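Worksheet: the structure to be examined is printed underneath.
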Amino acid sequence: MSQQMDNSHRKFLQSMMTNGIVDEQRAAMLYQQCCDTYKTKCLPDKLNDFIDTINSKLQPLFMQIRKGWSEEDGQQHYALVNVAETDISRMSSDYADYELVLFRKTIELIVVSETGQASSTDILNSTDTMTTKKLKKSETEHLLNRLVRDKWLTEKRGEYSLSTRCVIEMEPYIRTMYQEQLKMCHICHNIAFQCQICENPTCCIKIHNPCVARYFKNKSEPRCPACDDFWPHEIPEIHQPLSQSK
Amino acid sequence: MSQRKRVSTSQSSSQNKRPASLSLTATNDDDDSMFTLPSTSQVLKGLENLTEEQVYQKTAEVLQYFLVRDQKKIPIRRADIMKHVVKDYRNIYPEIIKRTARTLDQVFGLKLVEIDTKNHTYILINKLEEPEGMTSSSGPANLKSGLLFVVLGLIFMKGGFVRENLIWNLLKKLHVDIGQKHNDFGDVKKLITEEFVRQRYLEYVKIPHTEPVEHEFCWGQRADVEVSKVKILELMAQLHKDRPESWSQQYKEAHSALSTSSQATSSSQR
């Protein structure tokens, strides 16, 4: 049984359109605000039902508010995504064809890389192999900036990785295209881009950074959960969401 | 109940808006001029040859196109919708646009408005007013709309047309100097004379027989439909610590605009 949408749902959807992606705390806050504004009942544990109501109306439009998980902070996120095709179709109105070619190349570089990142140099070099329009260096840099601004990529010290929103939205596409090259996290069994890798050459399991933090917490000597070799990487701190750390 | 009323408004308004002699008046050099709006019977015939799924699919595409384009607040031309999305479905265009308007209204709380019936351009207007205390978008967009409100307010209070120098002087008093790069607005002159104009909030018109050339501002089409004159007047009155009624001319105009627009809505419901 799907509920009818009222203005609180519409307002929530509008906020999702503006933000593209929000973390769990922010989603709960928005839910509360929307219900307060339109004097509708707000039950803190019913956020998912509230979103389901919106999704039931979005489904025929090939859109969805999808729940996903951030590799960076290990937090749940909600992203408004396009489910029309597993291709990058929605971006087609914002980006020219040759720009999308470069974006696909960037995704590929990131997927096949060890670190889940691609350097700007690698991306710039990959433009040489493009058969469509040849991009100038400045054009490529400008395009990368736009992709970061539009929250498809994130950039840290010249290294580009897929944003949480991009992973949530593009996962079906990436799964179809790069089935062979994909890495899975040994702990949570989701796709892993940015992760730590066991250095035992016969093992090589991958673990997300936030999963590493949780798994090795309180362990005096970190050992690989698969081969029991010493885990040589730095163990990151568990990310504390702002609202819980108060 | 209010829900049903709203639906019928958006449905009928999208039908009423279309002038019958459309193909004669459109003289653009793009392919829109080639487009004759199909008659109701043509649409019905077209629908017969399509599955409901195909119509749904096309409607979803058109809707997405509107949403993506609207993010930049640039008016959407019918010719572009035709060329980029509708394509082979032009024979059922009225049905598609009707359904798109209905869904935008019911699901997104947005109203599809044709602001220019000659060149066929559309904008989306948010039907959910930003309630007070809702700080969902306190980012740069909001600061910009504050600036826009000031400019629109000044134009309205000055009777509809204002020379640009007057605007620049007023802004200077508010510590927004067009000669300097502003922390939040960047190039203020560009923002006002280009971005706001492109978004159709403002019109920036050359004053004839001026040497060197001077410009003046008036309200753009989007402002006319989206911005409440009553609200602007209230804001201005607040700034002057006075009552809106003290500006009798503006008060009359604001409230008459209100009644004609509600009349227009009620007549289109019939």
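All values derive from a computational prediction rather than experimental measurement. Every chain is numbered from 1 and lettered A, B, ... according to where its sequence line falls, protein lines coming before strand lines.
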Nearest-0.5 Å distance, CD of residue Gln106(B) to NE2 of residue His9(A):
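The distance works out to 14.0 Å.
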First locate atom CG of Leu58(A), then atom CZ of Phe108(B), and finally report the distance between them rounded to the nearest 0.5 Å.
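CZ of Phe108(B) is found 5.5 Å from CG of Leu58(A).
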For the residue pair [X] and [Y], what are the closest heavy atoms and their distance?
X	Y	value
Leu67(B)	Met63(A)	CD1-CE, 4.0 Å
Ala60(B)	Pro60(A)	CB-O, 4.0 Å
Asp105(B)	Arg10(A)	O-NE, 3.7 Å

Would you check, one step at a time, whether the test side chain to side chain contact (heavy atoms under 4.5 Å, CB included) holds for Gln14(A) with Leu110(B)?
CA-CA 9 Å; Gln14(A) 287 188 358; Leu110(B) 299 169; 3.8 Å; yes
Evaluation steps, side chain to side chain contact (heavy atoms under 4.5 Å, CB included), between Glu61(B) and Phe62(A)
CA-CA 9 Å; Glu61(B) 285 173 26; Phe62(A) 310 102; over 6 Å; no
Report, as yes or no, whether the 6.0 Å neighbourhood of atom [atom1] on [X] holds more than 12 heavy atoms from other residues, nucleotides or ligands.
X	atom1	result
Glu53(B)	CD	no
Gln42(B)	CD	yes
His142(A)	NE2	no
Asn183(B)	CG	no
Tyr56(B)	OH	no

Going through the distances and angles, do Gln64(B) and Leu61(A) end up as a side chain to side chain contact (heavy atoms under 4.5 Å, CB included)?
CA-CA 8 Å; Gln64(B) 287 224 345; Leu61(A) 308 168; 5.6 Å; no
Check whether Thr59(B) gets within reach of chain A through its side chain, its backbone, both or neither, counting any heavy atom under 4.5 Å.
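Neither part.
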Is it the side chain or the backbone of Met29(A) that comes within 4.5 Å of chain B heavy atoms, both, or neither?
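Neither; nothing under 4.5 Å.
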